[in-house]
Protein chains: 2
Amino acid sequence: MDVFEAVAEPTRRHLISLLAERERTAGELVDSLPSLTQPAVSRHLRVLRETGLVEVRPDGQRRIYALKPDGLQRIDDWITPYRRFWRDHLDALQQHLEDE
Amino acid sequence: MDVFEAVAEPTRRHLISLLAERERTAGELVDSLPSLTQPAVSRHLRVLRETGLVEVRPDGQRRIYALKPDGLQRIDDWITPYRRFWRDHLDALQQHLEDE
DNA sequence: GGCGTATATAAGCGCAAGGTTATAAATCGA
DNA sequence: TCGATTTATAACCTTGCGCTTATATACGCC
């Protein structure tokens with residue numbers, strides 16, 4: 001699975017936003033998603049690990065998950081060339097409003 | 001389907017890059033993807049339409065597809081708050097290198 | 001009107017993703 | 001050491017996606 005598919009899943013985006021606040025143990029993340037079972041969350045975390053979006057370090061019997069800085073950058077790199085499209089569009093809109 | 005799932009598919013990212021160069025007819029897009037059949041491409045275009053990533057206008061019996069400026073922006077909006085992560089990381093790395 | 005071209009939809013199929021329950025593996029604490 | 005806790009994996013099931021072939025729909029042209 002690649003980064004785009006990893007991020008396409010709403011639950012995984014939720015996990016990413018939780019880890020953006022601060023690093024958390026697997027158990028805390030499970031508790032943050034009461035609609036899912038522990039194995040389901042564990043599988044999502046595995047996907048995030050394997051796509052390089054998060055990293056883990058052991059702390060006794062706990063696993064502490066943290067957001068990896070450069071994971072999402074690959075998506076940003078892809079989107080960068082397209083950014084001019086809506087930027088140009090907004091510029092044109094602004095110009096139009098100023099002309100009135 | 002939402003924008004993230006739409007963009008998660010490699011073929012659809014390919015179509016987006018083709019439409020970023022210039023607008024094209026459905027037939028041109030089909031010809032650009034020789035590994036796929038016409039209905040397959042048509043379905044991908046439908047997804048891109050329904051997620052607001054492209055727009056179509058008829059030209060006789062042809063359909064001309066064009067990239068919609070604000071479609072990908074929704075992904076960019078999502079990624080924006082996370083951008084500081086790798087920016088800070090790069091800053092820290094640069095600082096570290098300068099310190100040596 | 002009738003035929004060829006261009007595009008979209010329908011129906012069916014295989015496969016992978018995400019969910020569950022059950023269980024393994026590792027560590028902590030009494 | 002042994003039971004409880006924490007996390008990961010296994011096995012299985014269902015659903016949805018993307019592909020195909022076949023067909024519908026719409027338009028251009030003679």
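Just so we're on the same page: letters track the sequence lines, and every chain starts at 1. Computed from heavy atoms alone, side chains included, the values below leave out hydrogens, waters and symmetry copies.
A heavy-atom distance below 4.5 Å is not found between the side chains of A:Val30 and A:Thr25.
Nucleotide C:dT9 holds its P atom 11 Å from the CG atom of B:Leu45, rounded to whole Å. Rounded to whole Å, atom P of C:dA17 lies 13 Å from atom CD of B:Glu5. Put simply, CZ on B:Arg46 is 17 Å from P on C:dT7, counting in whole angstrom units.
In the set C:dA17, C:dT9, C:dC28, C:dT9 carries the atom at the smallest distance from any side-chain atom of B:Ser42.
When DNA chain D is scanned 5' to 3' for any atom under 4.0 Å from a heavy atom of chain A, the first and last hits are D:dT5 to D:dT9.
Residue-to-nucleotide proximity on DNA chain C shows that, of B:Tyr65 and A:His44, the 5′-proximal contact is made by B:Tyr65. Nearest-nucleotide positions on DNA chain C place A:Val47 closer to the 5' end than the other of A:Arg62 and A:Val47.
Within the model, atoms OG1 of B:Thr51 and CZ of B:Arg12 stand 7.5 Å from one another, a figure rounded to the nearest 0.5 Å. Atoms CZ and CE, from A:Arg46 and A:Met1 in turn, are 10.5 Å apart once rounded to the nearest 0.5 Å. Rounding to the nearest 0.5 Å places OG1 of A:Thr11 at 13.5 Å from CZ of A:Arg43. For the atom pair CG (A:Leu48) and CG (A:Leu19), the distance works out to 8.0 Å, reported to the nearest 0.5 Å. The CG atom of B:Leu45 sits 12.0 Å away from the CZ atom of B:Arg24 when rounded to the nearest 0.5 Å.
Taking 4.0 angstrom as the limit, A:Thr37 places none of its side-chain polar atoms (N or O) nearer than this to OP1 or OP2 of C:dG19.
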- B:Arg83 and B:Asp76: CA distance, side-chain angles, deciding distance, salt bridge (Lys or Arg N to Asp or Glu O under 4.0 Å) verdict: CA-CA 10 Å; B:Arg83 196 166 287 129; B:Asp76 200 60; 3.1 Å; yes

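For DNA chain C, the residues of residues 9-36 of chain B within the heavy-atom distance limit of 4.0 Å (strictly under) are B:Thr25, B:Ala26, B:Gly27, sorted by number.
The base of C:dA6 does not come close enough to the side chain of B:Gln38 for any donor and acceptor atom to sit less than 3.5 Å apart.
Here the closest heavy-atom approach between residue B:Val7 and residue B:Ile75 is recorded as CG2-CD1, 3.8 Å.
For A:Tyr82 and A:Trp78, the distance between ring centers is under 6.0 angstrom.
Nucleic acid contact class of A:Pro39 (heavy atoms, under 4.0 Å, all strands): base.
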